[in-house]
Amino acid sequence: MANRVFELQYSRFAIVLQLFIFMIIISLLYPFLPILLWLLCIVIMGVAWFIFQKKPQIQRFEYLEDQDWSFCFSHLPQAIQHRKIRQIIDHQCYIVIYFYDPLHLPCIIWWDQLSILQWKNLKILAKLT
């Protein structure tokens with residue numbers, strides 16, 4: 001299986017989408033909440049967003065054999081983890097990777113994190129699994 005190495009970049013699309021949803025929620029809450037409670041909601045949502053941004057991000061993953069893959073994360077660039085992929089689901093603008101081990105959370109890969117060729121290879125791989 002050639003070309004099964006995927007180098008991920010930072011997703012700008014995911015950040016823009018999150019900020020867009022954040023602005024919609026804040027604008028919908030404005031008419032229904034008193035100003036102090038509305039400002040408190042902004043602070044809580046900002047803190048929650050910041051905490052979720054600290055979650056480990058995949059830098060690179062590579063096919064080994066059968067369902068075994070190696071993953072390199074941003075918080076531990078030297079440490080390589082071996083994981084078994086249970087399922088890869090294509091949602092057009094992002095792909096979700098599920099693992100057999102329930103301790104590992106599913107990974108989301110956005111379309112702008114890969115080059116066009118790597119994105120097409122990953123979409124083909126999603127159809128094959």
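Along the sequence shown, residues carry numbers from 1.
- Sorted by first and then second residue, the salt bridge (Lys or Arg N to Asp or Glu O under 4.0 Å) pairs involving residues 7-35 (not counting sequence neighbours) are E7-R60.
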N/O donor-acceptor pairs under 3.5 Å from side chains in residues 44-55, not counting sequence neighbours:
| unit_1 | atom_1 | unit_2 | atom_2 | d |
| --- | --- | --- | --- | --- |
| W49 | NE1 | Q18 | OE1 | 2.6 |
| Q53 | NE2 | Q18 | OE1 | 3.1 |

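- The salt bridge (Lys or Arg N to Asp or Glu O under 4.0 Å) analysis of residues 89-102, with sequence neighbours excluded, yields the pairs D90-K123.
- The side chain to side chain donor-acceptor pair (under 3.5 Å) pairs that include a residue from residues 32-41 number zero, where partners must be two or more places apart or lie in different chains.
- Screening residues 105-115 for side chain to side chain donor-acceptor pair (under 3.5 Å) gives S11-D112 as the qualifying pairs, with residues at least two apart or on separate chains.
- In this structure, the ring-ring contact (aromatic ring centres under 6.0 Å, His included) partners of H91, at least two apart in sequence or on a different chain, are Y94.
- Applying the ring-ring contact (aromatic ring centres under 6.0 Å, His included) test to Y98 and every residue at least two apart in sequence or in another chain returns nothing.
- The cationic group of R83 lies under 6.0 Å from the six-membered ring centre of F99 and within 45° of the ring axis, placing it in a cation-pi geometry.
- Side-chain contacts under 4.5 Å among hydrophobic residues (ILVMFWY), followed directly or transitively, place L105 with no other residue at all.
- Under the side-chain hydrogen bond (donor to acceptor under 3.5 Å, both in side chains) criterion, Y30 pairs with no residue, sequence neighbours left out.
- Applying the side chain to side chain donor-acceptor pair (under 3.5 Å) test to residues at least two apart or on different chains, none of the pairs has a partner in residues 39-48.
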Could you tabulate the donor-acceptor pairs under 3.5 Å formed by side-chain atoms of residues 20-29, not counting sequence neighbours?
| unit_1 | atom_1 | unit_2 | atom_2 | d |
| --- | --- | --- | --- | --- |
| S27 | OG | M23 | O | 3.1 |
| S27 | OG | I24 | O | 2.9 |

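- Every residue was checked against the side-chain hydrogen bond (donor to acceptor under 3.5 Å, both in side chains) condition with Q87, not counting sequence neighbours, and none meets it.
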